[in-house]
Amino acid sequence: MDKVRKADLVGLFAHLRDVFTEQREALITLDGRLGDSDLGITMNKGFNAAHGAVEANAADDLGKTLNGAGLAFAKAAPSTMGTLTGTGLMRGGKALLGRESLGTGEFALFWRAFRDGVAERGKAKLGDKTVLDVLDPIAATLEAAAREEASLSAALELAAQAAATALDATKAMKAQHGKAAVYQDGSIGVPDAGGTVAHLMIDAMRAFVTR
Amino acid sequence: MDKVRKADLVGLFAHLRDVFTEQREALITLDGRLGDSDLGITMNKGFNAAHGAVEANAADDLGKTLNGAGLAFAKAAPSTMGTLTGTGLMRGGKALLGRESLGTGEFALFWRAFRDGVAERGKAKLGDKTVLDVLDPIAATLEAAAREEASLSAALELAAQAAATALDATKAMKAQHGKAAVYQDGSIGVPDAGGTVAHLMIDAMRAFVTR
Amino acid sequence: MKKFLNKAEDFVDEMLDGIYAAHPDKLRFVADDRRCLVTARPVSGKVGLVTGGGSGHLPLFLGYVGTGLLDGAAVGGVFQSPSADQAFEVTRAADQGAGVLYIYGNYTGDILTFDMAAEMADAEGIRVLSLVGNDDVASSPAGEEHKRRGVAGILFIYKAAGAAAAEGMNLDEVLRVAEKARANTRTMGVALSSCIVPEVGRATFSIGESDMEIGMGIHGEPGIRRGPLRPADEVVDEMLGPILGELSLAKGDSVAVLMNGLGGTPQEELYILYRRVAGVLAERGVSVRKTYVGEFATSMEMAGFSISIMRLDDELARLVAAQADSPFFAQHQG
Amino acid sequence: MKKFLNKAEDFVDEMLDGIYAAHPDKLRFVADDRRCLVTARPVSGKVGLVTGGGSGHLPLFLGYVGTGLLDGAAVGGVFQSPSADQAFEVTRAADQGAGVLYIYGNYTGDILTFDMAAEMADAEGIRVLSLVGNDDVASSPAGEEHKRRGVAGILFIYKAAGAAAAEGMNLDEVLRVAEKARANTRTMGVALSSCIVPEVGRATFSIGESDMEIGMGIHGEPGIRRGPLRPADEVVDEMLGPILGELSLAKGDSVAVLMNGLGGTPQEELYILYRRVAGVLAERGVSVRKTYVGEFATSMEMAGFSISIMRLDDELARLVAAQADSPFFAQHQG
Ligand SMILES: Nc1ncnc2c1ncn2[C@@H]1O[C@H](COP(=O)(O)OP(=O)(O)O)[C@@H](O)[C@H]1O
Ligand SMILES: Nc1ncnc2c1ncn2[C@@H]1O[C@H](COP(=O)(O)OP(=O)(O)O)[C@@H](O)[C@H]1O
Ligand SMILES: [Mg+2]
Ligand SMILES: [Mg+2]
Ligand SMILES: [Mg+2]
Ligand SMILES: [Mg+2]
């Protein structure tokens with residue numbers, strides 16, 4: 001797939017929904033280590049709602065559809081990652097208003113806006129062991145790939161790899177935000193739960209495009 | 001001892017106090033079977049207070065001293081048997097106002113008034129498995145002994161025996177009052193706790209007089 | 001035993017010290033005995049209302065001493081009656097020239113205490129009448145109401161009698177109101193776990209990890225049925241059965257409802273339970289004029305709750321709705 | 001898990017149904033969503049006060065919606081934030097033309113929710129300011145106050161801001177009052193047992209049969225010291241240390257004190273604990289102008305308590321003493 005067209009959006013979100021249905025228990029367990037065990041439920045509910053919204057508004061402008069998916073996500077899954085992911089989707093959608101399909105350049109725009117939206121809303125700094133530590137290299141990698149005019153599948157491969165590396169790097173960090181922050185040094189060694197979600201998202205996009 | 005004189009009263013109450021100090025744990029255990037395990041504490045506190053009152057008012061009229069002992073008992077040991085024993089002592093004391101010593105006749109008066117006071121206050125009927133089932137034969141036996149002009153020690157021997165028999169008979173009864181009443185048929189087979197106290201009291205008097 | 005206390009034997013007296021320290025403008029004690037608790041705002045000429053009983057049931061009993069409520073409470077040890085002379089001292093302070101009504105629960109120790117106190121008061125020329133709460137339908141069958149325990153429903157008697165006295169009714173009228181409140185009130189309780197008496201130091205009874213006991217008393221007296229905990233709606237239905245039956249509530253009737261937590265049950269659950277009560281009453285066409293949801297008569301840390309319902313006529317509805325104020329129970333008009 | 005409920009996933013919604021059924025004259029909801037709770041008695045022209053947060057803390061948060069208090073609360077799942085659009089709908093209803101102040105606890109999920117709601121409100125031309133409660137001294141050291149959790153002490157902010165808004169102050173003034181209340185309030189908590197989240201079905205944490213954890217959060221966040229339960233007076237002394245230190249209370253100062261049960265601790269024990277608090281403050285020459293003892297911010301069935309102290313100036317003393325009325329919190333003047 002060289003581009004994700006408007007008509008493919010429902011399929012992409014169906015895939016995201018499936019991935020997060022499958023990862024439900026794993027994310028519950030992971031969030032249980034430094035948090036309140038709800039992350040699997042949050043993401044499962046959120047992507048169900050997002051998929052539903054995309055399906056319902058498939059005829060809309062692509063950017064508007066993504067924006068609506070974000071709103072639906074935030075409504076369905078209140079909580080830190082629910083609100084952040086919803087915000088990210090909404091901002092990503094806004095950045096794509098008027099586009100007809102998503103190539104490498106559009107993916108870069110989407111993830112940049114997603115990342116910035118999360119940064120603005122969550123006020124975390126890089127290195128604080130949050131989802132931002134994984135979002136940031138995703139956006140940067142896609143922007144570089146766009147500058148080099150890489151194919152969409154090549155770009156997403158690189159971004160997914162960068163996300164995996166960044167996620168691994170969160171293990172060494174000490175949590176500063178949210179429920180994990182109370183663990184202080186105890187949080188070292190465990191990968192960030194929100195970062196894991198970001199990695200799963202970009203990897204799901206990669207799989208959808210390359211399959 | 002053919003009579004309990006005014007001067008003997010402190011000794012009698014010291015003996016009662018010692019008996020109920022000694023019986024503390026046994027009464028706790030017994031009350032625990034059908035009640036709230038406080039009877040041993042109640043009686044121990046009550047007779048401590050009664051002894052103290054008798055000591056403090058040793059110069060008073062004998063009946064008044066006993067009455068005061070009852071009041072002190074009720075104050076120190078609120079609860080069913082605390083109030084009933086206090087009432088009994090007060091009524092017994094009232095019945096002896098003006099007396100200088102206690103022979104068989106006076107003991108009969110004392111226990112009759114004690115029994116009637118408990119009956120009036122507690123409103124139990126004979127056979128309801130209460131202290132009244134033991135108090136009643138004590139009073140009746142002493143009255144019969146007084147009519148027959150029995151010696152004090154003989155009278156108290158008879159009364160203590162009658163109490164023991166009556167106490168044994170409470171085993172077959174079904175509790176109708178107080179905390180034991182909720183056990184219904186489950187109360188059958190266990191001697192009444194209040195009745196046990198009445199038996200201990202008359203037996204302590206017997207021992208004091210005959211030793 | 002995990003309790004915040006210093007010495008178990010000081011439990012009640014230190015609790016009372018805390019209460020007087022927290023509410024010096026509303027509560028005080030007489031006879032130099034902190035267990036003789038009275039309102040700091042007596043009303044001259046008003047009928048005095050006095051209660052009492054064992055500790056361990058806060059806000060029962062002393063929590064209902066206040067404006068539009070009661071005038072004094074004799075405070076016993078944990079689950080122990082106060083003494084007759086304590087009840088008498090409270091009576092003396094509560095008498096404002098119009099006589100005193102005793103309202104307390106149907107427990108032998110308390111009956112003896114208040115009967116004896118009434119005699120002592122009588123000897124001093126204070127007129128005393130008594131009313132014994134017996135709202136717990138689980139504790140004896142119909143026809144033997146005089147044997148039933150008094151539990152949370154006594155709040156309705158306090159409230160009605162308290163408002164009646166505040167309105168200026170005389171002693172006989174206040175008794176009439178209290179009797180009407182009693183006659184129209186029924187309670188059922190259920191327990192999930194035991195309380196611990198501080199001086200005993202261990203659970204009063206044991207109960208299976210997933211069992212409930214319907215009809216258990218507030219000191220752990222045996223109930224009428226023990227079995228697996230059922231969904232909230234089913235528990236409510238089982239408990240409402242006898243209450244609605246005995247009150248023979250019909251379409252158009254008005255009631256007040258008290259959902260009472262026994263101490264260890266979160267308020268969230270009380271509201272889940274009340275949802276069902278409201279649904280059942282609505283279905284029957286019974287209108288709820290006043291609802292109380294919270295802890296009103298507890299058994300320390302016992303998990304469980306009770307439902308009390310009082311059928312209302314216009315007079316009771318007015319009295320229940322009247323203003324009241326104590327450190328534990330505040331109600332504005334409306 | 002022994003809870004009175006039907007299905008765990010219906011816990012919050014059925015609780016809310018019960019609350020609306022019990023208090024139809026005082027509370028209602030907007031946007032066709034029962035989790036958007038608002039007062040049934042809005043006051044035109046008054047600054048709107050809005051709160052919100054996870055369920056499982058009754059009477060927090062919604063219990064403080066009422067006269068002289070707050071105007072609305074967005075209700076989340078158990079220990080879960082409400083959504084931004086829920087907070088926004090509540091904001092819309094709470095705005096009576098004078099703008100809205102958000103007052104909520106310092107939890108990431110809630111911050112995100114209310115920040116996003118504020119943006120949405122801004123887009124509709126509603127002026128919104130925010131204040132984040134962070135009274136828990138155990139949750140971060142001095143100097144890092146912005147990281148501290150908000151716990152029971154938020155009641156003092158609600159009370160002061162609620163009274164200020166009721167007096168007719170404008171949005172900036174109400175914020176000033178709320179900030180003053182926050183700056184002068186500190187809380188410490190201790191837990192003896194865990195709560196159980198209904199959908200999880202087992203204890204959030206385990207703790208030894210005779211242990212306590214000082215500084216534990218109301219969701220079971222780790223505290224600062226776990227050790228054997230000590231006598232009540234010693235526990236109080238350990239908790240008062242940091243509070244009194246940070247407020248640097250001196251002879252002649254006035255305070256309000258909140259003794260808050262976390263859910264499973266009997267009121268008797270809270271008064272035993274308060275006795276010591278009162279003793280320590282009296283010894284320091286600090287006068288207690290207002291005392292609250294009971295359950296004000298819970299963690300379902302968790303056993304434990306917290307102490308909150310607010311230092312008062314004349315304005316805060318007046319605002320704390322003002323009338324207030326909600327189904328969960330009623331206070332007459334005096
Ligand atoms: N301020 C923040 N900014 C960005 N991400 C954050 C922030 N706080 C927490 N997170 C992310 O949220 C994740 C936890 O999400 P979630 O389980 O939804 O939180 P909660 O259950 O506490 O609401 C963390 O692993 C972290 O990546
Ligand atoms: N109405 C009554 N009249 C006479 N005796 C009674 C009555 N009710 C209970 N008792 C006696 O009281 C005894 C229990 O005494 P006690 O332990 O003091 O009761 P409680 O702890 O319930 O106050 C019973 O064994 C019985 O003998
Ligand atoms: Mg989580
Ligand atoms: Mg007993
Ligand atoms: Mg007893
Ligand atoms: Mg969460």
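Chain A is the first sequence line, chain B the second, and so forth, proteins listed ahead of strands; every chain is numbered from 1.
- Most heavy-atom pairs under 4.5 Å with chain C, from the set D/D13, D/V78, D/V235, D/D211: that is D/D211.
- At least one side-chain heavy atom of D/E268 sits under 4.5 Å from a side-chain heavy atom of C/M300.
- Heavy-atom distances place no part of D/A303 under 4.5 Å from chain C, backbone and side chain included.
- Contact count versus chain C (heavy atoms, under 4.5 Å) is highest, among D/G263, D/A282, D/P266, D/A278, for D/P266.
- Heavy-atom distances place the backbone of D/A324, and not its side chain, under 4.5 Å from chain C.
- Here D/H23 and C/Y271 bring their ring centres to under 6.0 angstrom of each other.
- Within a 6.0 Å radius of CZ in D/R289, no more than 12 heavy atoms belonging to other residues, nucleotides or ligands are found.
- Most heavy-atom pairs under 4.5 Å with chain C: of the set D/L5, D/T291, D/N6, this distinction falls to D/N6.
- Both the backbone and the side chain of C/P59 come within contact range of chain D, with heavy atoms under 4.5 Å apart.
- Side chain of D/K2 to main chain of C/L192: a donor-acceptor pair is present (N/O by atom type, distance under 3.5 Å, no hydrogens or angles).
- Of all the listed residues (D/C195, D/S55, D/G56, D/G261), the one sharing the greatest number of non-hydrogen pairs under 4.5 Å with chain C is D/G56.
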Run the side-chain contact (heavy atoms from CB on, under 4.5 Å) test on D/F11 and C/E269 for me, step by step, so that the C-alpha distance in whole Å, both residues' side-chain angles and the decisive distance to 0.1 Å come before the verdict. CA-CA 8 Å; D/F11 190 86; C/E269 298 174 33; 4.1 Å; yes
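- Only the side chain of D/L229 has a heavy atom closer than 4.5 Å to any heavy atom of chain C.
- For D/V288, no part lies under 4.5 angstrom from a heavy atom of chain C.
- Neither the backbone nor the side chain of D/P24 comes within contact range of chain C, judged by heavy atoms closer than 4.5 Å.
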Could you walk me through whether C/F328 and D/Y292 satisfy the ring-ring contact (aromatic ring centres under 6.0 Å, His included) test, starting with their C-alpha distance in whole Å, then the side-chain angles of each, then the deciding distance to 0.1 Å, before giving a yes or no? CA-CA 10 Å; C/F328 297 79; D/Y292 299 98; over 10 Å; no
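- Side chains of D/H332 and C/H332 form a contact here, defined as non-hydrogen atoms less than 4.5 Å apart.
- If you run side chain to side chain contact (heavy atoms under 4.5 Å, CB included) between C/F4 and each of D/V236, D/L273, D/D233, D/I272, only D/L273 comes through.
- For D/T265, the part sitting under 4.5 Å from any heavy atom of chain C is the side chain, from C-beta outward, and nothing else.
- The greatest number of non-hydrogen atom pairs below 4.5 Å with chain C, out of D/A22, D/A21, D/G264, is found for D/A22.
- When the candidates C/I19, C/D10, C/D17 are compared by the number of heavy-atom contacts under 4.5 Å with chain D, C/I19 comes out ahead.
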